[in-house]
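See structure below.
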Number of protein chains: 2
Amino acid sequence: MRNAEFDRQQVLRSAMHAFMHKGYNKTSMQDLTAATGLHPGSIYCAFGNKKGLLLAAVEQYRADRTSQMATVFSSKKPVLAKLKDYLDGVVQECLSCNTSQSCLLTKAITELAEQDPEVQHILSDHLKAWQNSLQHQFQAAIADGELPKDSDPVFLSEYLVMGIYGLRTFAHTQPQPEVLIRLAERLYANVCT
Amino acid sequence: MRNAEFDRQQVLRSAMHAFMHKGYNKTSMQDLTAATGLHPGSIYCAFGNKKGLLLAAVEQYRADRTSQMATVFSSKKPVLAKLKDYLDGVVQECLSCNTSQSCLLTKAITELAEQDPEVQHILSDHLKAWQNSLQHQFQAAIADGELPKDSDPVFLSEYLVMGIYGLRTFAHTQPQPEVLIRLAERLYANVCT
DNA sequence: AAAGAACTTGAATAAACGTTCAAAAAATAT
DNA sequence: ATATTTTTTGAACGTTTATTCAAGTTCTTT
């Protein structure tokens, strides 16, 4: 028996960034060997093929995002304040990225929609799970009396998710901080008041 | 002297649909010769290269969309009613597409962001022009007293554009009519009331 | 130490890619 | 009709692609 030499998380994060940077189809195996430091044989041994590496990277992405969200929402603030913090984080992410670093999930689902139904299904599930965890926060806000009792947490999470999708795409073409911040504030107001 | 045999608009619309369907990188020249009916040599003679064909197709897309918008907004209805009609049209488009037929401009800008700055710039300009024509409609609505005099048409058009981007991405993962219609209605309400 | 199992290495493979080009065809001009 | 010009044709080109595999290396077990 012998363990792999490479750090799996590190490899997946490198692959993840390569895919986010160039997109799935334009990221060649040569790019991936360069980014991960692994030779082709090692990649195929560990992940099967290029698609397998994408799916593993997507899984890592989901795990990273989940723990990041958990951090934000573990605060003792009111729920709506935490939602505002989360939204501010999204805006900062749109701004901070030197490049147009959109969400790996939406980027991949847009690119691979017609190309690979299996990948599309997996990505849709992840995005739905993300929407679901936002929905739980709205439920908590309603339970805590921060939102009216007759609010619809499903609809609110759908609308917020739609807004975040839109914000990310908007940032691609007009990444001015003032504009994005103003849009996010209005989005928050339209959802949480 | 001799004129080209093919119908330029028809060729460009075919190429446009091929690019929207598979994305730029995954649409091979073989796909494009099949879609357009042109042989490689003819494509290179008429458009220079694959990127040239994309840009010509994008130009055709913009022209088609512009005249489509002109049709909607040439109606004699109140401006806000026309905006609602336009938004309903977007939703119908999200639903009707057998496939996930997103906007060619946003699809291409997401895919080619890092790959080709020139294409990105051209696409950004087109999207900005689209936003601008929506802004003019908001200005008209304000002038007609359909919106408060102190409304900010720039911000309203930004927010509506963001919402439409989001709606299209959302439709990729959850294309249920009720959901999209409800989201669009709330978006309209948040912008126009 | 020796044997065995697992991982690493990187050159090789076949297929697909965007692009070119010389020959054939067709339309206009003379 | 003939000459001239332009487009069409489609095979061929050199790259690049994802993937494979046999040989080499390294770790663990005995």
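In what follows, chains are A, B, ... by sequence order, proteins preceding strands, each numbered from 1. Note that the structure is a prediction, hence the values are computed from the model and not measured.
Annotation: of the two residues near DNA chain D, Gly37(B) and Lys26(A), the 5′-most nearest-nucleotide partner is Gly37(B).
Straight-line distance from the CG atom of Asn49(B) to the P atom of dT19(C): 5 Å, rounded to whole Å. Between the CZ atom of Arg8(B) and the P atom of dT8(D) there is a distance of 12 Å, given to the nearest Å. One can place CE of Met29(A) at 10 Å from C1' of dT17(D), the figure rounded to the nearest angstrom. One can place CG of Asp7(B) at 12 Å from P of dT8(D), the figure rounded to the nearest angstrom. Residue Asn25(A) contributes atom CG, which lies 9 Å from atom P of dA18(D) at whole-angstrom precision. Distance CZ (Phe6(B)) to C1' (dA26(C)): 15 Å, rounded to an integer number of Å. Taking atom CD1 on Ile43(A) and atom P on dA18(D), their separation rounds to 10 Å, with Å as the unit. In this structure, CZ of Phe47(A) is placed 14 Å from P of dT19(D), rounded to the nearest angstrom.
Residues Phe19(A) and Leu32(A) have side chains in contact (heavy-atom distance under 4.5 Å, counting atoms from C-beta outward). Between Asp152(B) and Arg182(A), the closest side-chain pair of non-hydrogen atoms falls below 4.5 Å.
OP1 or OP2 of dT8(D) has not a single side-chain nitrogen or oxygen of His39(B) nearer than 4.0 Å. Remark: Gln30(B) is not in phosphate contact with dA16(C), judged by side-chain N or O atoms under 4.0 Å from OP1 or OP2. The phosphate of dT7(D) (OP1 or OP2) has no side-chain N or O of Ser42(B) nearer than 4.0 angstrom.
The side chain of Tyr44(B) lies closest to dT20(C), out of dT8(C), dT20(C), dT19(D). Set against dG10(D), dT8(C), dT20(D), the side chain of Pro40(B) has dG10(D) as its closest nucleotide.
A salt bridge is defined here as a Lys NZ or Arg NE, NH1 or NH2 lying under 4.0 Å from an Asp or Glu carboxylate O, and Lys26(B) with Asp31(B) fails to meet this definition.
For the residue pair Gln139(B) / His136(B), a side-chain donor-acceptor distance below 3.5 Å is found, with atom types taken as modelled.
When heavy atoms are screened at a 4.0 angstrom cut-off, Thr33(B) is found touching no nucleic acid atom at all.
With sequence neighbours excluded, the residues forming a side-chain contact (heavy atoms from CB on, under 4.5 Å) with Lys84(B) are Asp88(B), Glu185(B), Tyr188(B), listed by chain and number.
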